[in-house]
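Every chain is numbered from 1, with letters handed out A, B, ... down the list of sequences. This one's a predicted model, so the numbers in the text were calculated from it and none came from an experiment.
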Number of protein chains: 2
Amino acid sequence: MSAVSSTVNVGRPRAFDIDTALEKALEVFWRKGYDGTSLSDLTEAMGINKPSLYAAFGNKEQLFLKAIELYESRPCSFFLPALEKPTAYQVAEHMLHGAAMNMADQAHPQGCVVVQGALSCSEAAATVKEALLNRRVEGEQKLRARFEQAKLDGDLPASADAETLARYLGTVLQGMAIQANNGATSEQLRQVAEMTLQAFPRAG
Amino acid sequence: MSAVSSTVNVGRPRAFDIDTALEKALEVFWRKGYDGTSLSDLTEAMGINKPSLYAAFGNKEQLFLKAIELYESRPCSFFLPALEKPTAYQVAEHMLHGAAMNMADQAHPQGCVVVQGALSCSEAAATVKEALLNRRVEGEQKLRARFEQAKLDGDLPASADAETLARYLGTVLQGMAIQANNGATSEQLRQVAEMTLQAFPRAG
DNA sequence: AGGGTTATTTACCGACTAGTACAAATATCT
DNA sequence: AGATATTTGTACTAGTCGGTAAATAACCCT
């Protein structure tokens, strides 16, 4: 009895690469949102038939959730790396600059799928809407925890409000996602990042 | 031959109030987005049947556009009144505080329908998506024009970049819409507004 | 009262939705 | 080669989508 029995090479082999198919699905969800994406959109973009999609990913909802996981685990992701910068200011700086670069990048849909994937949506999308909402809130909680650590480290003044700083930064990052959808360029978003940083307390 | 023949009181009278029906439609679109809203959702909320909806509003797309017009013409709307404040700083202040109050108001869906009504959507929603995008961009252009006037008035330094100031403010306002969807309260948004204003140049 | 006009109700349309049953195809294991 | 396991393509389901045809109801005007 193998502990990884599901990886045993038996039966007809899958004719498509499951990771690139998921990439394609992510791109469609990103552009059209959960409600705006049909299974035909997905199968066409992924280059597979519906039974293959259901066998590999469960259903539309599970496929979406897996696509979001892929989105956040990408090498080009900027959020988690920025959190590890040595000072609070540098965290904010790298996060804002990373967002400016990433969200307007023409190599993929503009904005952020966590923001725009299921913002206002049907009841059928309630689960994925909540999943995205939780991700946004958790992101801000991570920022807040990082800024509280910064106060202990002394690179934020003791008077600083970590929660408000995190919410301010989250607000600008989420606003940048809308801006990117509006057609803003990375350079324009970088200017917004600079302005945002002017309100950010430096070492104290 | 009357120039206002359509207002002549002839034929069976409409059994519903067209303005309150449009209010109801707006609320549904606001909560569920264009793609996420079905005609059944609309007719149920509006308390009318489909033929009445089509006779009064055209179709789903035209109903949405009329709902957006209503949204922007509301007495509680904060955008245009804020533009008329005497200085650039006061414009920004009133706009941010108005947004903080309005977007988290529990009397209606949270956020802003112009932001979340059709952000990522199907091809069927392309027209309304573009209409909303144009409204967002036009709002920022109005802000920019107001700030350029402020430079002439001398309540913004000549070195200020009106375009970037407008985009920064637009970014925060749009971000606030997401925050309100995340469950942020008016008080929390007001704190974000205060931080935002710290980066805003005062009289110079 | 009767004609003209408009709104309402009911029932329907074809197209599309997410999801699946089933049989043929393709691999490994014995 | 044959048995077993899995994926594939085709064809289908029941339900919902946006939108409408047609008959009836309710009003004004003469």
Is there a side-chain contact between B:F29 and B:Y71, using heavy atoms and a 4.5 Å cut-off? no
task = Assess whether side chain to side chain donor-acceptor pair (under 3.5 Å) is satisfied between A:S52 and A:N49, documenting all intermediate values.
result = CA-CA 5 Å; A:S52 298; A:N49 296 324; 5.4 Å; no
Whole-Å distance separating the [atom1] atom of [X] from the [atom2] atom of [N]:
X: B:D35; N: C:dT17; atom1: CG; atom2: C1'; result: 13 Å
X: A:N9; N: C:dT26; atom1: CG; atom2: C1'; result: 12 Å
X: B:I18; N: C:dT6; atom1: CD1; atom2: P; result: 14 Å

> B:Q110 side chain to B:D105 main-chain N or O, any donor-acceptor pair under 3.5 Å?
Replying inline: yes
Review point. Has the side chain of A:D17 got a donor or acceptor atom that lies under 3.5 Å from a matching backbone atom of A:D19?
Key: yes
Considering only heavy side-chain atoms of B:V10, the closest of C:dG4, C:dT17, C:dT8 is C:dG4
| query | Any salt bridge between B:E123 and A:K32, counting N to O under 4.0 Å? | reply | yes
Walking DNA chain D from its 5' end, the first of A:F16 and B:P13 to be reached, judged by nearest nucleotide, is A:F16
Is it possible for you to check whether A:R202 lies under 6.0 Å from the centre of the six-membered ring of A:F200, through NZ or CZ, and within 45° of that ring's axis?
no
So, with a heavy-atom separation below 4.0 Å from DNA chain C, the residues of residues 40-70 of chain B are B:N49, B:P51, B:S52
Are OP1 or OP2 of C:dA25 and a side-chain N or O of A:R12 less than 4.0 angstrom apart? no
